[in-house]
Amino acid sequence: MRSIKKIWVLTVLLLLCSQVSNASMSRPNMDEGKATEIRVLGAILDVDKIDSAEQNFTLNLYSIFRWNDPRLAHDGK
């Protein structure tokens, strides 16, 4: 069952990525030669499972990524 879920998730990700054009994949300020500042906040909420025999673990992670993309600015309210 787990392998079916993994295959389904990978298929959906591949389909989504194939729908995105190369132009929209460029990062903000790339044309100006500036770095894109990305603020990251992350926290481990819970460790659900540790399997030492398989050498893996499962955890719940909370993360926030913030950046400014001036290309998305508009004049309206």
Side-chain angles (χ1 to χ4, degrees):
M1 185 69 173
R2 290 179 77 179
S3 62
I4 293 172
K5 286 182 182 179
K6 288 180 185 178
I7 291 171
W8 183 82
V9 169
L10 289 173
T11 303
V12 170
L13 287 174
L14 287 172
L15 288 172
L16 288 173
C17 290
S18 68
Q19 299 300 315
V20 179
S21 68
N22 288 337
S24 64
M25 293 297 286
S26 65
R27 63 177 177 77
N29 302 324
M30 190 169 82
D31 297 334
E32 301 166 11
K34 296 180 183 176
T36 301
E37 180 182 327
I38 301 174
R39 293 176 295 273
V40 179
L41 170 67
I44 296 174
L45 300 176
D46 190 18
V47 178
D48 292 332
K49 178 182 171 185
I50 299 175
D51 189 340
S52 58
E54 292 289 325
Q55 295 187 350
N56 61 26
F57 57 92
T58 304
L59 57 86
N60 290 316
L61 178 69
Y62 176 80
S63 59
I64 297 175
F65 299 87
R66 291 184 181 213
W67 63 93
N68 183 17
D69 191 344
R71 299 172 298 179
L72 300 175
H74 59 84
D75 296 330
K77 293 182 180 181

Handout entry: Test side chain to side chain contact (heavy atoms under 4.5 Å, CB included) applied to Q55 - qualifying residues, sequence neighbours left out
Key = none

Exercise for the section: Return the set of residues passing side chain to side chain donor-acceptor pair (under 3.5 Å) with D48 (not counting sequence neighbours), or none when no residue passes. Expected result: N60

Exercise for the section: Only counting residues at least two apart or in another chain, list the ones meeting salt bridge (Lys or Arg N to Asp or Glu O under 4.0 Å) with R39. Expected result: E37

Exercise for the section: Supply the atom-to-atom distance L45 CG to L61 CG, rounded to the nearest 0.5 angstrom. Expected result: 7.0 Å

Practice task
Could you pull out all residues at least two apart from D69 that satisfy salt bridge (Lys or Arg N to Asp or Glu O under 4.0 Å)?
Solution key: R71

Problem - Apart from F65 itself, residues in the same hydrophobic cluster as defined by side-chain heavy atoms under 4.5 Å - result: I38, V40, W67

